[in-house]
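Comments concern the structure below.
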Amino acid sequence: MENYIRIIVVLFVCWNTSLSAQDLYVSGLDWEEAPELHDLGEFSEEDNVIVLDKQVIEYSLNDDGFYMYQLIHEKRQLNSNEAIEEDNKRYVSMSGVVEVMEMKARIIKPNGEVVELEESDFQDAVDEEERQSYKYFAFEGLEAGSQIEYLYLLKKYPYSYRGRRAILQNDEPTIKMEYDLVSDTYLIFKWKSYNSAPEFIEDTLIEDKTRHYVELSNVPKFADEESSAPLAHAGQLLFKLDRNLLNNRSELSSYGPYADDLYKIIYAPLDKKAEKDLKGLAKTIGTSMARNDEEKVRKIEDYLKKNFVLVNANADQLEDVSEIIKSQIVNETGFLILFTNLFSLEGLEHQLVLTCDRTILPFDPDFECFTFLDETFIYLPELDLYMDPTNAGLRAGLIPAEYTHNNGLFIKQVKVGDYVTGLGKTGYIEHAPYKVTASDHFVKAKINSTMDNIEIELDNKISGYYAANIQPFYDLLKEDEQEDLNRGIVEYMVNDADEVKEISALNGSGDKMMIEPFIVHVEVSTTKFLEKAGDRYFFNIGELIGPQVEMYQEEERTMGIDDDNARSFYREIEVEFPNNYTVEGLEDLAVDVFHEIDGERSLSFKSTYSMEGNTLKVVIDEYYRDVQYPLELFEVYRSVVNAAADWNKKVLIMKPKS
Amino acid sequence: MFLVLFVSAYANAQGYEMVEKFRKKYPDEHLVQLVHEKKLAISLVGKEIKILSTTHDRALRLSTQGGGSPKEKVSFNSFMDLVDISAYTLVPNGKKFKKEVIKEFVEKDELSTSIFHDDVRSTSFYFPSVVQGSITDLSYTISIKEPYFPIVLFFGDVPPVEETRLTVTFPKNVEMGFIYRNLSENDVEIQKKETGRGTEIVISKNEIPAIKLESGAPSIRYFIPHLIVYIKSVEFKDGKQMVLSTPEDLHNWYSSYVGNVNAERDERLVHIVDSIYDPEKEEIENVQSMFNWVQDNIKYVAFEAGAEGFVPENAGLVCEAKYGDCKGMSSILTEMLDIAEIEAHLTWIGSRSIPYTYDEVPLPVTDNHMIVAYPTSSGYMFLDATDNEIPFGIPTAFIQGKQAMVHLGDSMFVLENVPVLEANMELYSDSVTIRIEDNSILGTGRSHFTGHLRSSFAHYLKGMEEKDKISFFKEFYNKGNNRFLIDDLQISGLDDRNVPLQIDYTFNIEDVVRRHGSELFINMNLDRFNEGGEIESDRELPIESDHLSMVQSSITLELSPGMEVVHLPDNSSYSGEEFGYSIEYFGSENSIRVDQGHYENVIITEADHFGQWNEMIKVLNSAYKELVIIKINE
């Protein structure tokens, strides 16, 4: 996306270059000349404490253009060898950096001795392919109790002026945190605070610049809890440039012009050759054989994802339709161009959707900010399907789950006379329904009369996110790799079985995904579910559903539930017992734990059974219809999860008939 | 800048039938390696030995995507120069192929997370138009600047290889060495040709089936056939110049890198040694203090940069930086011991991933590590401070059983084998007392970890938060079932490497006792070591462990008044030379005890023992299924 942003910078800002350079606020900042070890206060028992985390972002327009200046000043105390191990090196990405204006680092040893790194300690590494370069340095001579401190000032392309995020919490406790936003006085920023982060405070004393800042002290580290999204709960400030008083332009970060701009890049008219190549590709894919629109979409998607190689690089030919078709090598933008052009060619209505990872911060429809436009997907409104053009492990109907159950910017084609453009509108991206993502078990077991064998047949049917990264790649594996994969999926059934009679899989190919489940079929002879006590046997019927996730350990919970996706587990178990034994304990098999929201079960674990002759039939339906549950429902959620884990321990007692 | 330019040309090729032919021959393969070839050309310019090594790889895709990424990478370091590289794809086009040549290659520094300073660079590119039937072709030539580095050619790969070939050309006065590993001269075809300028030897083997890799196997050098080619000596008019022919030659060369190390005393280090050294103590206790000081104060950081990959850093610099690679850590430890007038020696060694001894392969490919050898009355003690949790006197796990080259002086060395720590020194012991309350068990336990287990657990536990430690041990013990919950956990011995790590814990397990009428049923095998440990019947490759191991577990159930034991399962055991177990029940009026013992006496379990292993697992599994019955007398 950087390309587009660069264009926008040129269009809207850079023509104001008649100004004389102003002194930068950031260049007046420095570290203390004589540093001292800091008292860690309430964090004195911690291994790794951030004593100071200061960041200053300054946007300034001067003689050589519009740039962002970023000052990072961090001071950390490392109290253990493990903390030293983790933090004795620093890599600073040079992505978007025009100039390193300053970079220095020093160590304050426990005895107060200060050692500053020398210029030769700062080294460069280049990765031309990823177009990334780094500066890196290492702190030498560290011992537990040392503080490391570094400060660097980077002059950068101002790519982020339309949306930048300050996360006001770290993965280690922070004694003092400071975040400043500075700009020339005619550049007016807007911001919004999330999760009760403090608002920016205006610096009223400063002259010639506008400065807003936040200061926090004694910030605890992120909480770490199962099925939660700690970042989305952390204090955050999002800001963006809104107005430039010099040229009287306002709403500089609004989505409107961006939608138009993106549209022009993705839907640039094709030349004759490209049109011909595209038609040739459609023919190879065989779109004309498709019986309906959905099949067309799936054919195109499966073909492109299987045959084209996605690379992380910028080059014109990776975004040129004819070149891509010829080399079968493509980058992310190129894939968007190829998919949308094929869809257009086939008359498939579609929109671009831009959104962000809700586990970092959900898309806020009330604050236009480019931080929310993190990833681009395609939406097919007629089919109500979302697709991720670059993720080879997913198929239409699924995009990475953390981008769903979130709002997004939908860009659709609008015709005004002859003029075609993209119109952006925010809307909600639903998460995939709970039935889509499932792992269902169908088990048939027969225990023999001498109690030394159980014949078991199992079909494990996997779909949705559970089949992602398995189903689409299955047919690309060699036979022995396929076998290993199958075994891995039904490991609990085949491990230590006396004999694995059959193990096979069905529907293992990308074109089946989201249409049929991926099925692993296994037949075994085993005794592993029987325990012996004198002349009686305990049949561990619960183990037929395999090991279950559990939340038995009680821990203090501070956040609600944030699951990636809704999901479902349905099981049918049929057991034929031998005539010469009685079976006891059946009544324990019926369980019903659930929670209703608006009169409908949202979380549920329900098992029922029936006995006909010697044959027991059990049906278990477990599902989680929603992806988020508030903190007050945590115990309910836990009880449903644990109901499955408890069921896994259900036992029937078998006694010989006298 | 990433850029692939295509120049189209029509190449003469055999046509598309080739794909059909190989698809029939290898129906399960996505890729077939048509050619894997190396050419080693040695020439003399005056007294300088010039070495050019050319690699040529040609592969045919039998399916479009199953053959892996079309990205290719050629890596090299500062001892090498990439002289030439060319690559192209032959794309099927009707009955012929269309040639697409790669014009630009991208260079990069390899940033490795485990190695800080690194001189490895690589050149990479994508093969374009890789579809079913495409042939990719890559050739590159590297100039090797030092004559000591051998080249290694593997006969076999994950895809089948149609032609594998090594061509060596060398002048008459050069003597070459050939070492065959996992194959012999009889397994290959050898053609030798004498020309006016020298000798050409071609060693080849055709139609090598695909090699299946299996997890947990030792490194590929243990089982894939390969050939190591090196220069032994050069006969000049004024005499013979030895390159590498014997361990003596290798040691001579290595000596040139260590000769000047620690030539001057570092005063700070002298002070440090003075503060550690205790003349009242035995010498070995002082060695331990110095070793522990290095473990505590010098951080291990891997380097890989040209000659620095061979030259140990001076002890003074290591002391100041407080970090070093294996050579730096060995340098500072030998220097500290030298200051204390204690004999110790720099020692080269290869990790277990390299299955060579110096006697067999006297070449730099045999080692990749440096340690310190300290002579004791019972032989050398091998000290490796790169693991800061290893107890004193124990070699690190990854060098056990390997041959070491102990540097005694300029032309003096000795080859010694590092011992493998015995199983009873690699002990996990666990002693637990439990009682029954309703359907649950309440218990207290104490565990000890020694040897390499101690050091790996210490690595996990240090830096782990308290609540993570509880979940870590919940997973580790998992007694009975996953309702096993730890109520309290105390860890001791974590800060003293030289005592066993001790864990004291109390726990409860719900739903693990079954009640039926007046009887209670309980499976006393709360720990089921090796459950699910059956080896797949079609496995071919051996299994490597990090170290030997022994487990001793004892569970005592205290009976409440009124409880009476009515059934105890039979004892069960298996005792083999390489592995075994025993389960024994002891009943008394007030308690029941079950003792379990397990041992593994080999690091590498060979495939011919898998049958016995599985037999043992089968017996063990049925023993695990036996319940104790207790009657409750009201």
Side-chain angles (χ1 to χ4, degrees), chain A residues 47 80-86 88-89 91 123 125-131 134 138 140-143 306-307 309 311 313-315 317 326-329 475-480 487 491 495-496 498 527-528 530-534 536 538 547 550 552-553 555 584-585 645-646 648-649 651 653, chain B residues 1-4 6 28-30 63-66 69-71 100 106-109 111 116-117 124 126 128-131 212 297 299 301 320-323 388 462-463 467 470-471 474 481-483 485 511 514 516 521 523 531-534 536 566-567 569 617-618 621-622 625-629:
Chain A
D47 266 8
S80 70
N81 282 334
E82 290 68 34
I84 291 172
E85 184 96 46
E86 212 163 278
N88 63 356
K89 298 174 204 167
Y91 289 87
Q123 304 206 29
V126 189
D127 178 344
E128 292 174 49
E129 178 192 333
E130 309 276 336
R131 287 184 140 189
Y134 302 88
E140 301 184 1
L142 288 179
E143 51 199 291
K306 269 191 181 154
N307 292 284
V309 179
V311 298
N314 285 319
Q317 71 268 33
K326 183 174 154 199
S327 70
Q328 315 230 25
I329 300 177
D475 57 350
L476 306 177
L477 299 175
K478 291 170 70 166
E479 209 176 292
D480 54 304
R487 288 188 83 95
E491 198 179 6
N495 264 9
D496 290 343
D498 294 322
T527 49
K528 70 185 282 187
L530 284 176
E531 284 174 300
K532 187 170 184 275
R536 277 157 290 184
F538 285 74
E550 49 87 10
Y552 288 130
Q553 195 94 37
E555 277 165 10
E584 295 179 29
D646 289 347
N648 170 238
K649 295 167 195 76
V651 175
I653 302 170
Chain B
M1 172 75 189
F2 175 87
L3 201 63
V4 187
F6 309 120
D28 186 39
E29 300 294 338
H30 296 285
S63 79
T64 294
Q65 266 229 329
S69 163
K71 186 177 177 178
E100 294 193 350
V106 175
E107 278 204 13
K108 71 186 262 195
D109 291 326
L111 282 174
F116 187 57
H117 292 295
S124 61
Y126 285 88
S129 311
V130 173
V131 295
K212 186 184 167 192
N297 291 282
K299 291 198 54 55
V301 181
E320 190 185 330
K322 292 210 180 312
Y323 70 74
N388 62 359
K462 287 201 172 168
K467 68 170 183 150
I470 297 232
S471 25
K474 176 183 176 341
N481 61 45
N482 62 6
R483 297 212 71 158
L485 294 180
D511 260 4
R514 287 126 198 191
H516 189 239
F521 300 85
N523 190 329
E531 188 182 42
E534 199 186 16
E536 284 178 41
V566 292
H567 175 76
I617 295 294
K618 207 167 175 172
N621 278 334
S622 59
K625 301 289 179 203
E626 298 269 353
L627 306 184
V628 169
I629 308 177

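Source: prediction; values computed, not measured. Quick note on labels: first sequence line is chain A, next is B, and so on, each numbered from 1. Note: hydrogens, waters and symmetry copies are ignored here, and every other heavy atom, side chains too, is used.
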| query | Of the listed residues (Arg483(B), His516(B), Lys474(B), Lys212(B)), which shares the most heavy-atom pairs with chain A below a 4.5 Å separation? | reply |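 Top count of heavy-atom pairs under 4.5 Å with chain A: Arg483(B).
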Which bit of [X] is near chain A, if near means a heavy-atom gap under 4.5 Å: side chain, backbone, both or neither?
{"X": "Glu536(B)", "result": "side chain"}
{"X": "Asn621(B)", "result": "side chain"}
{"X": "Glu320(B)", "result": "backbone"}
{"X": "Arg514(B)", "result": "side chain"}

Which bit of [X] is near chain B, if near means a heavy-atom gap under 4.5 Å: side chain, backbone, both or neither?
{"X": "Leu142(A)", "value": "backbone"}
{"X": "Glu584(A)", "value": "side chain"}
{"X": "Asp475(A)", "value": "backbone"}
{"X": "Asn81(A)", "value": "both"}

Can a donor-acceptor pair be found, under 3.5 Å and without considering hydrogens, that links the side chain of [X] to the backbone of [Y]?
{"X": "Ser129(B)", "Y": "Lys326(A)", "value": "yes"}
{"X": "Lys478(A)", "Y": "Glu29(B)", "value": "no"}
{"X": "His30(B)", "Y": "Leu476(A)", "value": "yes"}

Legend entry - Greatest number of heavy atom pairs closer than 4.5 Å to chain B - which of Glu491(A), Glu143(A), Glu82(A), Glu86(A):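 When all of Glu491(A), Glu143(A), Glu82(A), Glu86(A) are compared, Glu82(A) has the most.
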Any chance you could measure [X], atom [atom1], to [Y], atom [atom2], to the nearest 0.5 Å?
{"X": "Lys532(A)", "Y": "Ile629(B)", "atom1": "NZ", "atom2": "CD1", "result": "9.0 Å"}
{"X": "Lys528(A)", "Y": "Glu531(B)", "atom1": "NZ", "atom2": "CD", "result": "7.0 Å"}
{"X": "Glu531(A)", "Y": "Phe521(B)", "atom1": "CD", "atom2": "CZ", "result": "11.5 Å"}
{"X": "Ile84(A)", "Y": "Lys299(B)", "atom1": "CD1", "atom2": "NZ", "result": "6.5 Å"}
{"X": "Asn482(B)", "Y": "Asp646(A)", "atom1": "CG", "atom2": "CG", "result": "9.0 Å"}
{"X": "Asn481(B)", "Y": "Glu550(A)", "atom1": "CG", "atom2": "CD", "result": "9.5 Å"}

Non-hydrogen atoms of [X] and [Y] that approach each other most closely:
{"X": "Val131(B)", "Y": "Gln328(A)", "value": "CG1-NE2, 3.0 Å"}
{"X": "Ala533(A)", "Y": "Leu627(B)", "value": "CB-CB, 3.7 Å"}
{"X": "Thr527(A)", "Y": "Lys625(B)", "value": "O-CE, 4.4 Å"}

- Query: Above 12 or not: heavy atoms from other molecules or residues under 6.0 Å from NZ of Lys462(B)?
  - Reply: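 Counting neighbours around NZ of Lys462(B), more than 12 heavy atoms of other residues, nucleotides or ligands fall under 6.0 Å, so yes.
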